[in-house]
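Below is one structure, written out as structure tokens, with a few remarks after it.
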Amino acid sequence: RQMCIRDREINMDIVLVIIGLILCIIGIVGSVFPVLPGPPFGWLGLLLLELTEGIPTNYWFLGITFIIAIGIFLLDYMMPAISTKKFGGSKAGAIGAVLGLIIGLLSPIPFGFLIGPFAGAFIGEFVFNKTKGPQALKAAFGSFLGFIASTFMKLFVSFMFLGLFSWEVLSNWNSFF
């Protein structure tokens, strides 16, 4: 009877590892496609791994990776506005970049998540701040660069989470099999 309980624990651990791996992969995909929040999905994969019997739970590890995941998640939405300001854009351009990102995400336009922040910053500068064309275009380009930078940050963190996940599984391989 004792063997049956242990077998169930091992089987459940394997299910958690597989689901955790899938979540880490979704995290990488979500880093490129803004519909899915990449790093938080990767963190959920790490959490499921830590819930297995084969891995000793490390609350410090979970806490630090959670703060990183949430920090990157929040920065992702702020980067287009921050970079718009860095490239000479005004508050109207920064607000336009954020609104453009939201509209781009919700619109059925292909690559709306790329076009939205650029167009929003340009419209915010050109229409609401009365900025001349070249300066409005520069601010819009800043918004686009912010989006690219936030995508690379998300990808880096998501791959880091997958690497940590893989390291933990391989280091504790005998606990699962």
Side-chain angles (χ1 to χ4, degrees), residues 6-86 94-95 97-107 110-118 120 142-177:
R6 177 73 181 138
D7 287 343
R8 283 188 203 144
E9 286 176 4
I10 290 173
N11 290 336
M12 188 54 156
D13 281 357
I14 293 170
V15 168
L16 288 173
V17 168
I18 291 169
I19 294 172
L21 178 63
I22 291 169
L23 287 170
C24 284
I25 292 169
I26 289 172
I28 291 170
V29 171
S31 296
V32 179
F33 297 108
V35 177
L36 300 170
F41 270 101
W43 183 82
L44 286 173
L46 292 174
L47 175 65
L48 288 183
L49 181 63
E50 291 287 323
L51 292 176
T52 63
E53 294 290 323
I55 306 278
T57 305
N58 184 340
Y59 294 107
W60 281 102
F61 173 76
L62 285 174
I64 290 169
T65 53
F66 178 76
I67 290 168
I68 291 170
I70 296 302
I72 294 296
F73 175 75
L74 295 174
L75 266 177
D76 180 40
Y77 288 98
M78 296 186 314
M79 283 296 287
I82 292 168
S83 60
T84 298
K85 296 283 279 179
K86 289 281 186 197
I95 292 170
V98 172
L99 291 176
L101 176 63
I102 293 168
I103 291 169
L105 287 172
L106 299 176
S107 70
F111 301 106
F113 60 92
L114 288 173
I115 298 167
F118 182 86
S143 168
F144 179 73
L145 285 181
F147 175 79
I148 296 298
S150 69
T151 299
F152 280 118
M153 283 188 324
K154 291 186 300 184
L155 269 173
F156 176 77
V157 168
S158 293
F159 273 111
M160 182 182 75
F161 284 175
L162 179 62
L164 291 168
F165 184 94
S166 301
W167 176 261
E168 286 285 324
V169 170
L170 292 174
S171 296
N172 295 287
W173 187 261
N174 292 334
S175 299
F176 298 113
F177 300 105

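In this chain, numbering begins with 1 at the start of the sequence shown.
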Problem set entry | Any residue meeting side-chain hydrogen bond (donor to acceptor under 3.5 Å, both in side chains) with Ser150, in chain and number order, not counting sequence neighbours | Asp76
Problem set entry | Nearest-0.5 Å distance, CG of residue Leu49 to CG of residue Leu62 | 9.0 Å
For this session: Quick one: list whatever passes side chain to side chain contact (heavy atoms under 4.5 Å, CB included) with Leu106, sequence neighbours left out.
Result: Ile102
Problem set entry | Results of side-chain hydrogen bond (donor to acceptor under 3.5 Å, both in side chains) for Thr52 - residues two or more places apart only | none
Exercise. Looking at Pro37 and Phe73, what are the two nearest heavy atoms and their distance?
Worked result: CB-CE1, 3.5 Å
Problem set entry | Nearest heavy atoms of Thr65 and Phe161, plus distance in Å | O-CZ, 3.5 Å
Exercise. Which residue pairs pass the side-chain hydrogen bond (donor to acceptor under 3.5 Å, both in side chains) test with at least one member in residues 54-63, sequence neighbours excluded?
Worked result: none
Problem set entry | Distance-minimising heavy-atom pair for Met79 and Gly146 | CB-O, 3.5 Å
Problem set entry | Residue pair Trp167 / Leu164, side-chain heavy-atom distance below 4.5 Å | no
Exercise. Between Gly112 and Ser107, what is the shortest heavy-atom contact and its length?
Worked result: CA-OG, 4.4 Å
Seminar exercise, completed: Rounded to the nearest 0.5 angstrom, the CD1-CG distance for Ile28 and Leu155 is 7.5 Å
Exercise. Which pair of heavy atoms, one from Phe165 and one from Leu21, lies closest together, and at what distance?
Worked result: CZ-N, 3.3 Å
Problem set entry | From CG (Leu16) to CG (Leu23), nearest 0.5 Å | 10.5 Å
Problem set entry | Short side-chain to backbone donor-acceptor contact, Ser158 and Gly27, under 3.5 Å | yes
For this session: Only counting residues at least two apart or in another chain, list the ones meeting ring-ring contact (aromatic ring centres under 6.0 Å, His included) with Phe61.
Result: none
For this session: For Phe66 and Trp43, work out which heavy atoms get closest and say how close.
Result: N-NE1, 3.2 Å
Problem set entry | Val15: which of Val17, Ile19, Asn11 passes side chain to side chain contact (heavy atoms under 4.5 Å, CB included) | Ile19
For this session: Mind checking ring-ring contact (aromatic ring centres under 6.0 Å, His included) for Phe41 and listing every partner two or more places apart, or none if nothing turns up?
Result: none
Exercise. Short question: side chain of Asp13, backbone of Glu53 - any donor-acceptor pair under 3.5 Å?
Worked result: yes
